[in-house]
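The model shown is predicted, which means the values in this text are computed figures rather than measured ones. Any value given below was found using the heavy atoms of this structure, including those in side chains, with hydrogens, waters and symmetry copies removed. Residue numbers start from 1 in every chain, and the chains themselves are labelled A, B, ... in the order their sequence lines are given, proteins ahead of strands.
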Protein chains: 2
Amino acid sequence: MQSELLKGTLQTIVLKLLSENGKMYGYEMTKKVKELTKGQFELTEGALYPTLHKLEAQGNLTAETVQIGKRLRKYYRLTESGEKETAAKISELEAFILGLQQIIQPKIA
Amino acid sequence: MQSELLKGTLQTIVLKLLSENGKMYGYEMTKKVKELTKGQFELTEGALYPTLHKLEAQGNLTAETVQIGKRLRKYYRLTESGEKETAAKISELEAFILGLQQIIQPKIA
DNA sequence: GTCTAATACATTGGTTTCTTATGTATTTTA
DNA sequence: TAAAATACATAAGAAACCAATGTATTAGAC
């Protein structure tokens, strides 16, 4: 994701996207992230697809393949445990950001 | 740093600590980070020392060894290019956090 | 009409970064 | 006097991502 900072945030991002949008397919996620961050984040496919497969294997997502013309599109959505995982990961990320801010903005903290 | 989220932020944290405190030694940094984050972040030595050596090799830090009793203490401080690097990395981190927030708080964005 | 860009999936090899474990030695505190 | 804290360090391994590559379809530009 060309930032070196993203390590560990990708799963959280994917989960959050699905919790906001109900169901999405991989390519759509790459466009959505780019749009939301005005081009700042580029979610690469080499990172995304393995992450989706892992989240699915963990039971956090289910996949449904739809045929569009002759092309396949794989829609993902959260399972129940995926919804819990999303909430947990978002909390963790928010706490992490607060922790970071205590270090990088010591005057405000 | 027991969070999986820290990947890529460690250098930035070290640089920022030094820019705030002038000079510090490794062990001191681990205590400082723990104190600033009220125990939330534990900067492990296995991550810290290689990072310090790397920053030094890159010319961002200089080291000065001081003998305290029979024990050695290695003080680090920023070089001029280290100061520039600090500013750059802090900007990058802040932009990154803003980007993240656009994804995880889409209502506010 | 044809060529390029966009859509849509996927894997592989390599690098970077961190964690865990381990090691050495001194000093303070209980 | 024994344990905890101080203070440095390295090594092996895992996890996560990037870049490159691959296949195939579809839309749009010229």
Residue from A:Thr51, A:Leu18, A:Thr79 passing side chain to side chain contact (heavy atoms under 4.5 Å, CB included) with A:Leu61 = A:Leu18
Would a hydrophobic clustering, with Ile, Leu, Val, Met, Phe, Trp and Tyr connected at side-chain separations under 4.5 Å, put B:Ile68 with B:Tyr75?
-> yes
Could you give the CD-to-P distance, from B:Glu42 to C:dT20, as a whole number of Å?
-> 11 Å
Roughly how many Å is it from CD in A:Gln11 to C1' in D:dC17, rounded to a whole number?
-> 12 Å
Contact nearer the 5' end of DNA chain D, comparing A:Thr51 with A:Lys70 = A:Thr51
Could you tell me the separation between the NZ atom of A:Lys54 and the P atom of D:dA15, rounded to a whole number of Å?
-> 7 Å
Would you kindly give the CD-to-C1' distance between A:Gln67 and D:dT26, to the nearest whole Å?
-> 14 Å
For A:Glu64 and C:dC9, give me the distance from atom CD to atom C1', rounded to whole Å.
-> 16 Å
Treat each ILVMFWY residue as a node, draw an edge where side-chain heavy atoms are under 4.5 Å apart, and state whether A:Ile90 and B:Leu98 are in one component.
-> no
Which pairs of donor and acceptor atoms, one on a side chain in residues 24-31 of chain B, lie under 3.5 Å apart (sequence neighbours left out)?
from    : atom 1 : to      : atom 2 : distance (Å)
B:Glu28 : OE1    : B:Tyr25 : N      : 3.1
B:Thr30 : OG1    : B:Tyr27 : O      : 2.6

Take nucleotides 1-10 of chain D nucleotide by nucleotide from the 5' end and write B, S or -, depending on whether a protein heavy atom sits under 4.0 Å from the base, only from the sugar-phosphate, or from neither.
-> ----SBSBBB
Between B:Gln11 and B:Leu55, which heavy-atom pair has the shortest distance, and what is it?
-> OE1-CD2, 3.6 Å
Any A:Glu92 side-chain heavy atom under 4.5 Å of A:Thr12 side chain = no
